[in-house]
Amino acid sequence: MARYDLHKDLQEIDAPVILFDNVSKAYPTGTHAVNHISLEIRKGEFVFLVGSSGSGKSTMIKLMLRETKPSRGKVYVAGKDLGRLRRSQVSRFRRSIGVVFQDFRLLKDRTVYENVAFAQQVVETPSWVIRREVPKMLALVGLSDKHDAYPNELSGGEQQRVALARALINHPVILLADEPTGNLDPKNSFEIMNLLNEANKRGTTIVVVTHNREIVDSMQKRVIMINKGVIVRDEKGGYAHAKN
Amino acid sequence: MRRISTLGYSVKQGMKSIVHNRMYTAASIGTMTACLFLFGILYFVVANFRYLMEEAETTVGITVFFDSGITEEEIGEIGEEITNHEDVDRLVYLSADEAWEQYKEEKLSPELAATFGNDNPLENSASFEVYLKDVEKQAEVVAYIEGLDGVRQVNDSQSFADMLSGFNRLVGYISAAIILILLGVAAFLISTTVSSGISARKEEIGIMQLIGAADAFIKGPFVVEGIVIGLVGAILPLAVLYAIYYRVIEYITESFDNVFSRMEFLDIQTVFQTLIPVSLLIGVGIGFIGSYLTVRKHLRKGLIGD
């Protein structure tokens with residue numbers, strides 16, 4: 001069985017890193033979350049997906065992660081049709097994608113170190129590599145002193161930094177962040193965005209779903225606005241420019 | 001190196017899950033223990049009955065008597081024809097004199113025996129004792145011998161042979177039915193335990209799937225959990241059975257003195273050299289299969305929605 005290696009595929013092809021080809025997604029409830037969306041995101045881009053609640057932004061993240069399949073159309077990542085990936089290939093594909101959620105999704109019974117190390121254990125990284133990499137990553141997100149703390153002992157901003165460290169530890173090609181600042185105050189929100197920006201400068205393609213107008217305005221990146229499952233605007237700039 | 005690290009992770013998480021779900025774990029181990037305890041008891045019965053059957057096959061014989069006036073040569077020919085039958089194990093010739101000596105020894109007091117002097121009241125009682133390879137074939141062999149020329153009478157113990165083989169079959173069927181039902185219950189309970197573990201760790205499994213854990217990595221801890229339950233559930237009844245084996249036999253021989261007092265039972269080493277590997281195999285096998293199928297079903301169903 002052919003192994004799915006996104007890092008290798010991205011080096012070898014010149015296709016968009018993410019491509020939506022006339023994608024629609026309807027849920028069994030009858031909700032049409034995404035309607036005939038076509039979209040290209042190229043390697044190294046930093047993209048904001050914005051729009052009101054229920055506009056289809058999170059469904060797009062799920063489609064990119066192959067957490068769900070399109071009802072129509074095709075989603076390609078690094079030239080590969082995600083709908084055609086076999087079950088064993090899906091897990092390998094996801095190893096090249098980092099994910100961050102609004103609710104952090106940390107394991108509450110594990111320390112900061114263990115939460116980050118977990119992402120490496122899952123992909124069967126040798127333990128000596130884990131011991132070397134995790135402290136470096138915690139230093140990068142400014143949490144060296146929280147090594148042995150449990151998630152409930154951390155502030156929201158700190159928890160999101162742990163989640164970000166976990167998402168970045170395996171050196172993802174793409175980082176998908178679903179409302180990463182949704183539960184954070186402005187100061188922590190900007191710190192998280194700075195960390196994402198740093199990862200982007202190191203070559204990671206970043207896709208951020210957000211409602212946070214201030215952040216979008218301050219970053220001046222590509223903004224894709226979704227409304228009722230349709231792209232209504234796609235341009236570089238601030239949230240205001242992307243207004244429906 | 002990676003495999004060792006993954007195995008270590010699976011064992012650690014599996015043990016944590018066992019402790020976390022201790023009520024379900026205890027119920028599963030309890031059921032498995034009960035199943036394999038009963039299995040052990042039934043195995044005692046079946047193994048000892050088989051042993052008694054084997055003993056019977058060498059002691060339950062057929063006695064063949066000849067027509068009066070038959071020559072030694074004709075007896076020899078009959079013996080040859082009997083030996084040629086495929087179900088006959090061996091043949092012992094008892095001359096009339098030997099039969100009378102044996103009878104005197106077993107049934108008569110020396111004084112009474114002396115009154116017969118040199119007379120042999122059993123002079124027409126030379127016989128063959130025929131021993132079979134398989135006691136169940138007795139009727140067939142008797143019919144064959146009765147059809148031979150020069151044979152006057154054939155004595156057998158068909159009713160005893162029928163009883164032994166019938167009882168053996170009955171015990172076998174009942175044992176198989178009970179064990180199958182109990183093992184089904186044990187597999188169901190292990191599946192419930194693993195399902196509860198999966199529910200408790202649903203979030204963790206969801207995160208694992210999102211960050212690219214292979215199915216085998218996710219299944220590992222649950223399979224370890226199932227195997228440990230099966231292993232402990234097999235070791236406990238084996239220990240108890242080992243401790244009580246001779247007491248059970250003592251109880252049976254004392255309670256049913258008239259039936260069992262003269263019978264010999266299998267020694268503990270012979271019984272356990274089969275019972276230990278079989279019980280461990282059943283325990284670990286049910287634990288492995290129950291947990292593997294359950295976690296596979298949950299993963300296929302998709303914990304994170306579609």
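Naming: A, B, ... by sequence-line order, numbering from 1 per chain.
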Problem set entry | chain A contacts, top residue of B:Gly212, B:Ala216, B:Ala214 (heavy-atom pairs, under 4.5 Å) | B:Gly212
For this session: Could you grab the distance from atom CZ of A:Arg105 to atom CD1 of B:Ile211, nearest 0.5 Å is fine?
Result: 11.5 Å
Exercise. OH of B:Tyr24: more than 12 outside heavy atoms within 6.0 angstrom?
Worked result: no
Exercise. CZ/A:Arg87 to CG/B:Leu299 distance, rounded to the nearest 0.5 angstrom?
Worked result: 5.5 Å
For this session: Measure across A:Ser91 and B:Ala213 and return the closest heavy-atom pair with its distance rounded to 0.1 Å.
Result: CB-O, 3.3 Å
Seminar exercise, completed: The reported gap from CZ in A:Phe104 to CD1 in B:Ile207 (rounded to nearest 0.5 angstrom) is 12.5 Å
Problem set entry | B:Tyr246, OH: over 12 other non-hydrogen atoms inside 6.0 angstrom | yes
For this session: Would you name the heavy atoms of A:Arg94 and B:Gln209 that are closest together and state the gap between them?
Result: NH1-O, 3.0 Å
Exercise. Does CZ belonging to B:Arg247 count more than 12 external heavy atoms closer than 6.0 Å?
Worked result: no
Seminar exercise, completed: All heavy atoms of A:Leu65 vs all of B:Leu210, minimum pair found to be CD1-CD2, 3.6 Å
